[in-house]
Protein chains: 2
Amino acid sequence: MKKKRRSRLPRAQRMQEIMQVAAQVFRDKGYSEALTAQIAARAGVVEGTIYRYFPGKRELLIRVVEQWYERILADYDQQLKRLQGTRARLRFMIWRHLTVIHNDPGMCRLIFNQLRAWPEYRRTTVFDLTREYTRRTLEILQQAIDSGEFRADLPLRVVRDMIYGGVEHHTWVYLRGEGDFSPDAAADAMTEMVYRGLAHALPAAPAEVALRRLEAVASRLEHSAGSATV
Amino acid sequence: MKKKRRSRLPRAQRMQEIMQVAAQVFRDKGYSEALTAQIAARAGVVEGTIYRYFPGKRELLIRVVEQWYERILADYDQQLKRLQGTRARLRFMIWRHLTVIHNDPGMCRLIFNQLRAWPEYRRTTVFDLTREYTRRTLEILQQAIDSGEFRADLPLRVVRDMIYGGVEHHTWVYLRGEGDFSPDAAADAMTEMVYRGLAHALPAAPAEVALRRLEAVASRLEHSAGSATV
DNA sequence: AACCATGATGAGCACTACTCACTAATGAAG
DNA sequence: CTTCATTAGTGAGTAGTGCTCATCATGGTT
């Protein structure tokens, strides 16, 4: 005698429950192996119910990823603001990305393999937020150039691509569940690589370069003094 | 009265025809949008015929990509052997990868988004060949280290990841059909970046040492100021 | 207690990869 | 040339999956 309990939840709550279950099923099975029937079953509803809240399976994944991503990036800015100096800030951006992947490979796999390949990707907040944060990396590099710490003869876009692409490439084996990696070690190496690639070359130290760097030092000292008094 | 002409081709030839058609349909539509029915229709056979030659749609894509990839890499070695010097050889590896993507974005999208995410990927010759050629890049780097041209204090794997990951990241917008890129310009920038990142630093001039110490002083002040305010 | 907006249902549809019993083209043997 | 075995090719049909929609019933409101 299987009497179905039909609990009637408020819209937002039911939506949340479905998304939470969906997130886990997507993580475990991957997008195409995750069945709407299974998501529905685990959420304690019938398949049709899902479609009352989401236009389709794709949109469901998008919403799930968006929510996850927003949470991930919540305290990003505060942590970054606390850090001083190009090297520390750069390393943080790299290390953070590596760590996110290390902590939730299932979700990252969904983003890398599915979401990013879809045409809807561009109108996703994941797209916007990603742009925002890669732009932040570009800013760090640009500031280092402005202060004379970095040379300006390499296109920063390419440097950014080597950073983010390098991170992903480095984590692939792990993402396929066939190995591990150290976010710390990788972050150190990549930061060092970028730093050396962009720092001013040593051989010729013309007066102009020396002056620029002296000015940068002076500016930093002024800044330090200012923040110290405040 | 449409009497179907049933031409009976030798196994190898029919297989080739199907693969050729499949390659184009996959390129145009992407994996999941490409229908076996459409591939069959364009190849002038019936759907069931495809399954006489391939175990399934996935395996069909795998075979298609394998054949394409083998052709792509055919003259790789000869071109590389002709080049002398770390910089030229390194640039060639990068430039070549960029150019392959630029020339056949549809096929590369299939590899990046589909094939590489499947569990079968490891038993693919695409996997083996890719390993082989990224290993070749590592060899170039290692040789430069052995000859004293490069320093040995960075993990080469990470450098390789920044190269190949950087290439892919750089070509994304293009792969989504929303822009273009220059293989030459990107190859130049990336080569330069790697070169600077790994080349030995020249002995520092006295002025340089003085600047370094000034910068260190600034850094210390910043730190004490920062910890004071916090 | 009556009402009704709306959360939830579940049978069924459309589509697609894949199967299999069967058909006939081809080339060799008699 | 005829016969026959081999096997390329067929196409109707199946299973599984995302998705729809007419209908039910629940829980807050009046």
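Just so we're on the same page: letters track the sequence lines, and every chain starts at 1. For the numbers below, each heavy atom of this structure counts, side chains included, while hydrogens, waters and symmetry mates do not.
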Between dA8(C) (C1') and Q13(A) (CD): distance, integer Å: 15 Å
Taking the minimum atom-to-atom distance to the side chain of V46(A), which one of dA17(C), dT9(C), dA25(C) wins? dT9(C)
Think R109(B) forms a cation-pi with F112(B), using NZ or CZ under 6.0 Å from the six-ring centre and within 45 degrees of its axis? no
Please report the distance, rounded to the nearest Å, between CD1 in I18(B) and C1' in dT10(D). 13 Å
Identify whether any heavy atom of A34(B) sits under 4.0 Å from a base atom; if not, whether one sits that close to sugar-phosphate; answer base, sugar-phosphate or nothing. sugar-phosphate
Which of residues 47-59 of chain B have a heavy atom under 4.0 Å from DNA chain D? G48(B), T49(B), R52(B), Y53(B)
Atom-pair distance (CG on L35(A); P on dA15(D)), nearest Å: 17 Å
Candidates T191(A), I94(A), V158(A) - the one meeting side-chain contact (heavy atoms from CB on, under 4.5 Å) with I163(A): I94(A)
E59(B) versus Y51(B), side-chain donor and acceptor atoms under 3.5 Å: no
Using OP1 and OP2 only, check whether a side-chain N or O of T36(B) sits under 4.0 Å from dA17(C). yes
In whole Å, I'd like the distance from the CE atom of M15(B) to the P atom of dT7(D). 16 Å
Could you state the CZ-C1' distance from R8(A) to dT26(D), rounded to the nearest angstrom? 5 Å
Where C108(B) and L175(B) come nearest, the two heavy atoms and their spacing: CB-CD2, 4.3 Å
Distance, rounded to the nearest Å, where R11(A) contributes CZ and dA5(C) contributes P: 17 Å
Correct closest heavy-atom pair for L80(A) and R89(A) would be O-NH1, 3.3 Å
Rounded interatomic separation in angstrom, taking CG from L61(A) and P from dC19(D): 12 Å
Cation-pi geometry met for R176(B) and Y121(A) (6.0 Å, 45°): no
Separation of dA17(C) P from E33(B) CD (nearest whole Å): 10 Å
Across the strands shown, which category fits A40(B) at heavy-atom distances under 4.0 angstrom: base, sugar-phosphate, nothing? nothing
Going by distance alone, is a donor N or O of one side chain under 3.5 Å from an acceptor N or O of the other, for Y69(B) and T130(B)? yes
